[in-house]
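Side chains are part of it too, since the values below use all heavy atoms of this structure and drop only hydrogens, waters and symmetry mates. Numbers here simply count residues along the sequence, with the first being 1. As the structure is a prediction and not an experimental result, all values here were calculated from the model.
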Amino acid sequence: MAETNARRATELDKNHEVPRAEILLASVLIAKGDRVGALQHFRKYLEIVPKAQDADQIKRAIAQLEAPGDAK
């Protein structure tokens with residue numbers, strides 16, 4: 001349900017007025033073990049808001065997800 005709602009939020013946000021919906025969806029996907037999907041949405045967030053206040057935090061999350069092993 002959470003994934004469905006988060007996906008819907010990103011789909012409806014055509015003008016990227018709520019870019020943090022991408023982070024929400026990425027977080028849900030991490031919880032489900034979908035690292036590839038989470039990376040996609042974290043990157044999309046940075047594409048939409050490259051100078052976001054939390055950009056460094058998101059970049060660290062991306063690096064952690066990209067690292068080999070069991071990083072979450």
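- Considering only heavy atoms from C-beta on, Ile62 comes within 4.5 Å of Leu46 through its side chain.
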Between side-chain atoms of residues 53-61 and protein atoms elsewhere (two or more places apart, or another chain), which donor-acceptor pairs fall under 3.5 Å?
unit_1: Asp54; atom_1: OD1; unit_2: Tyr45; atom_2: OH; d: 2.7
unit_1: Asp54; atom_1: OD2; unit_2: Arg20; atom_2: NH1; d: 2.5
unit_1: Asp54; atom_1: OD2; unit_2: Tyr45; atom_2: OH; d: 3.4

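- Among the candidates Ile30, Leu29, Leu25, the single residue satisfying the side chain to side chain contact (heavy atoms under 4.5 Å, CB included) test with Phe42 is Ile30.
- Distance check, rounded to the nearest 0.5 Å: CD of Gln40 to CG of Asp34 gives 8.5 Å.
- Sequence neighbours left out, the pairs with a member in residues 5-19 that pass side chain to side chain donor-acceptor pair (under 3.5 Å) are Glu3-Arg7.
- Under a 4.5 Å side-chain heavy-atom criterion applied to ILVMFWY residues, the cluster that includes Met1 comprises that residue alone.
- The heavy-atom pair separating Arg35 from Ala67 by the smallest distance is NH2-O, 3.2 Å.
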